[in-house]
Amino acid sequence: MVPSTDLAAATASAFQETFAYPPQGLFRAPGRVNLIGEHTDYNDGFVLPMAIDRAVWAAAAPRCDRQVRVVALSLEPNEPHTFSLDGLKPDRVIRWSNYIRGVLALLERAGHRLGGLDLVYAGDVPIGAGLSSSAAVEMAIATAACHLFVLDLAGLELARICQQAEHEFVGTQCGLMDQLISVLGQEDHALLIDCRHLTWQPVPLPAEVAVLVCDTGKRRGLADSAYNERRAQCEEGAHRLGVAALRDLNLGTFEAQAGQLSPLLRKRCRHVVCENDRTLRTAKALRRGDTAAVGRLMNESHTSLRDLYEVSCEELDLMAALAQSQPGCWGARMTGAGFGGCAVALVDRDAVDAFSQTVTTLYECQTCRTPSLYVCQASAGAGPV
Ligand code: GLA
């Protein structure tokens, strides 16, 4: 992997090479790993993500006209893609440009007058791996626009604009977790976010335990439609149970009424209700230093995502099972939307090397895929570099 600082420098020099003048600013927005609280954000529930030390960098400068010229260094390195800020619509061919189009369109719709931009961006958040590469791109562009056009926007407002861009220009009806943690991330902390009240509290991570991302190498396919379908099932469940959102149910009130739901909706809703409870308990366990409890809750979360919410896959199940059975591992689960991507494991720092070697070998033997395992540090949220 190219070290992050090199990628930032490469982004800036690619700007100079492409546009023959230096960028006015360089901006960074991190990806994230969610420790627990999966598929709860769009149910007004609780999530516990941390921003990671993998990010998207955007080198940018304002223009005097309304044109945007953008290079996605990791995707189409040579060709600037050009469009106008006027009449912005999703592009059916250059689909990666929809993240940029969406963010700029939504900023203008919110009343912020922008000008054209020259932009180059690159990142080391793997795409489609459940680490929020999309939110990192959106937030890097939003942060760049905010600084270059001196917009007075708080983190929460920026996150909402990026989320709406994803809804309208990309088509995923995502919750707010990824965009929020990308802008609000704090070093050495996860954030417990209440997705109804849009409040958050930092939760310190234990120094002696590493957060390991275990990338299965399997990439999400057709995930957007399955994601939107899960969201619709949750909304139907809440409606049938007479609540505004599944967040309004606790385990007791849910079980008392669960018989009114079809078996499928019951499974989906049970996951969400229990996951909210697990997330709150995980934050408490982290605060009191009870890593064993955190690990157990993570393992339970994986089982629930596999059996009730049905968003795991063979590779994620295998990765989680291998991780969970290693010495020094407190717990492991799939992270992100699912259907491929990464598991996250909590591992004693002095066991990380043995863990990585053994899990890599066993996973390779059983799948003929080479996984990628790395320790992530909780990092700060988006900003100028
Ligand atoms: C994706 C979405 C988030 C969240 C997770 C699942 O990452 O963007 O809003 O719903 O899936 O927890």
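Worth saying up front: this structure is predicted, and the values here are computed from it rather than measured. Each residue takes its place number in the sequence, starting with 1. In each ligand, atom 1 is the first atom listed, and ligand 1 is the first ligand listed.
Note: no N/O pair closer than 3.5 Å links Y42 and ligand 1 by distance alone. Between N34 and ligand 1, no pair of N/O atoms sits closer than 3.5 Å. Looking at H39 next to ligand 1, an N or O pair under 3.5 Å apart turns up. Ligand 1 has a nitrogen or oxygen under 3.5 angstrom from a nitrogen or oxygen of G175.
In this structure, atom 10 (O) of ligand 1 lies nearest to the protein heavy atom Y227 OH, 2.6 Å. In terms of protein heavy-atom proximity, atom 1 (C) of ligand 1 is closest to D178 OD2, 3.6 Å. Nearest protein heavy-atom neighbour of atom 9 (O) of ligand 1: D41 OD2, 2.5 Å. Nearest to atom 5 (C) of ligand 1 among the protein's heavy atoms is M177 CE, 3.8 Å.
Around the CZ atom of R95, the shell of radius 6.0 Å holds no more than 12 heavy atoms that belong to other residues, nucleotides or ligands. Around the CD atom of E255, the shell of radius 6.0 Å holds more than 12 heavy atoms that belong to other residues, nucleotides or ligands. The number of heavy-atom neighbours closer than 6.0 Å to CG of D86, taken from other residues, nucleotides and ligands shown, is above 12.
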For F149 and H112, what are the C-alpha separation, side-chain angles and deciding distance, and is it a ring pair (Phe, Tyr, Trp, His ring centres under 6.0 Å)? CA-CA 9 Å; F149 301 110; H112 306 285; over 10 Å; no
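Under a 4.0 angstrom heavy-atom cut-off, R32 registers as being in contact with ligand 1.
Cation-pi contact between R69 and F19: absent, since separation from the ring centre below 6.0 Å together with deviation from the ring axis within 45° is not met.
The salt bridge (charged side-chain N to carboxylate O under 4.0 Å, His left out) with R247 is formed by just one residue from the set D194, D41, D44; it is D194.
Those atoms of ligand 1 that come under 4.0 Å of a heavy atom in A337, given as number and element, are 1 (C), 11 (O).
Ring pair Y227/Y42: centre-to-centre distance below 6.0 Å.
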